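Keep in mind the model is a prediction, meaning the values are calculated, not measured. Computation of the quantities below employed the complete heavy-atom set of this structure, encompassing side-chain atoms and omitting hydrogens, waters and symmetry-equivalent molecules.
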Amino acid sequence: MSSDLDGRLGLNIPYEWWPASPLLKEIEASGFRWVQLPSPPHSVLADSRNCIAHAKAAGRSIGTTGLRSVLHAPTDLLAGTPSSDRVFAGVLSYAAECGSEQVVYHAMALVDEPCADNEARLEAEVRSLERLLPMAEGLGITIMVENLAPVFPGPQTISAIPMTLRRLVRHLNSPALRICLDVGHANVIAGLRRTALASLVEPVLDLVGLFHLHDNLGGRWRSEDDRPGLDPLRLDLHLPPGRGTLAWHEIVAGLSDHEAPLLLEIHPHHRPAPGELYEAALRVLEGERRVALA
């Protein structure tokens, strides 16, 4: 199946999976042109020798394919302290060594509640990003700040609303900083806040440099949202496109008209073969676009 989305679709390597050459070649043969790599833990990234050795090995695997790559920073990394900033610098070095063009980072990943500690941590994070962005610019790497959602019912983070990240990107005003818009996370937040998915997505499209695509059951506040075989409470399910209730029709025009990579992030428990995922993504995106244009 050919599509004008060819060249933009990508697939993640789950955490704890090594991007071995056979796996990457299977992803490429399925039609994907991008791959997202998981970064190693803080202890590796903070040690320059181990960091570079690990990155070189990943780069050799990627080099057996024509895939372009994105590196996902550790999900618990929060810039703003000397130790975390060393790890962040290690992430950028790792990306440069293995050939990744983008780094996904969970910025503003603090519980959304007014308190002095939050304000201090956010200010420290901004100062650290101001120091790290020139390094990213010099290496030719773009930091993609990602909107989040609670995995299970619970507090939301400040970054749950994509417009918050837009303000951060505009404030720092660097060509090396853009938004990773996770539409699955946005669907959860739209459900929890009883709002339209498009209202969270459309206002930030101008600053998006990467999309994360996956499906879920939204806020799961209705009994009909329960499904056999799925955790009854988990919100951030990371299902293949079309397997959940995400309103693709609301956002497909914005996704299709954009130029940023469309990277599938699918949980290993719900992950068919790469070829099946590629075809599923095209069916959903192309199908919804045809309906929208009809």
Given the options T157, D236, N216, H185 meets side-chain hydrogen bond (donor to acceptor under 3.5 Å, both in side chains) only with D236

For R178 and Q102, what are the C-alpha separation, side-chain angles and deciding distance, and is it a side-chain hydrogen bond (donor to acceptor under 3.5 Å, both in side chains)?
-> CA-CA 10 Å; R178 289 293 180 267; Q102 302 175 351; over 6 Å; no

Are L200 and F211 connected into the same hydrophobic cluster when the rule is that any two of I, L, V, M, F, W, Y join if their side-chain heavy atoms are below 4.5 Å apart?
yes

Exercise for review: Would you please test W248 and D215 for side-chain contact (heavy atoms from CB on, under 4.5 Å) and show each step?
Suggested key: CA-CA 9 Å; W248 295 99; D215 218 326; 3.1 Å; yes

Is there a continuous path of hydrophobic side-chain contacts, each under 4.5 Å between heavy atoms, that joins L165 to I251? yes

Quiz item: Is there a side-chain hydrogen bond (donor to acceptor under 3.5 Å, both in side chains) between S69 and Q36 once you walk through the steps?
Solution: CA-CA 6 Å; S69 67; Q36 179 175 279; over 6 Å; no

key: Heavy-atom side-chain contact between I266 and P241 under 4.5 Å   = yes

* Asked: With hydrophobic residues grouped by side-chain heavy-atom distances under 4.5 Å, do Y105 and M144 end up in a single group?
  -> no

Quick check on the hydrophobic clustering: are Y94 and L24 connected, directly or via other members, by side-chain heavy-atom contacts under 4.5 Å? yes

Chi angles and distances behind the side-chain contact (heavy atoms from CB on, under 4.5 Å) call for L207, L177
CA-CA 9 Å; L207 292 179; L177 186 66; over 6 Å; no

Q.
For R271 and N12: C-alpha separation, side-chain torsions, deciding distance, then whether side-chain hydrogen bond (donor to acceptor under 3.5 Å, both in side chains) applies.
A. CA-CA 11 Å; R271 190 181 182 100; N12 72 309; 3.0 Å; yes

Exactly one of H267, H270, H269, H214 clears ring pair (Phe, Tyr, Trp, His ring centres under 6.0 Å) with H238, and that residue is H214

Closest heavy-atom pair, L92 versus I141, reported as atoms and distance to 0.1 Å, is O-CD1, 3.4 Å

**Asked** Do Y15 and V151 share a hydrophobic cluster, counting only Ile, Leu, Val, Met, Phe, Trp and Tyr and linking them when any side-chain heavy atoms are less than 4.5 Å apart?
**Response** no

CZ (F88) and OG (S39) are apart, to the nearest 0.5 Å, by 10.5 Å

Report task. For the pair H72 and H106, name the ring-plane relationship: parallel under 30°, tilted 30 to 60°, perpendicular over 60°. Result -> perpendicular

Would you indicate whether the side-chain heavy atoms of L239 and L230 approach each other to under 4.5 Å? yes

| Is atom CD of E16 surrounded by more than 12 heavy atoms (other residues, nucleotides or ligands) closer than 6.0 Å? | no

Q.
When you measure from the side chain of S84 to the backbone of L78, do you find a donor-acceptor pair of N or O atoms at a distance under 3.5 Å?
A. yes

Closest heavy-atom pair, S30 versus P274, reported as atoms and distance to 0.1 Å, is OG-CB, 3.3 Å

Taken in chain and number order and not counting sequence neighbours, the residues that satisfy salt bridge (Lys or Arg N to Asp or Glu O under 4.0 Å) with R131 are D85

Give every donor-acceptor pair under 3.5 Å between a side-chain atom in residues 43-53 and any protein atom, sequence neighbours left out.
| from | atom 1 | to | atom 2 | distance (Å) |
| --- | --- | --- | --- | --- |
| D47 | OD1 | R49 | N | 3.1 |
| D47 | OD1 | N50 | N | 3.0 |

Between the OG atom in S83 and the NE2 atom in H42, the distance rounded to the nearest 0.5 Å is 9.0 Å

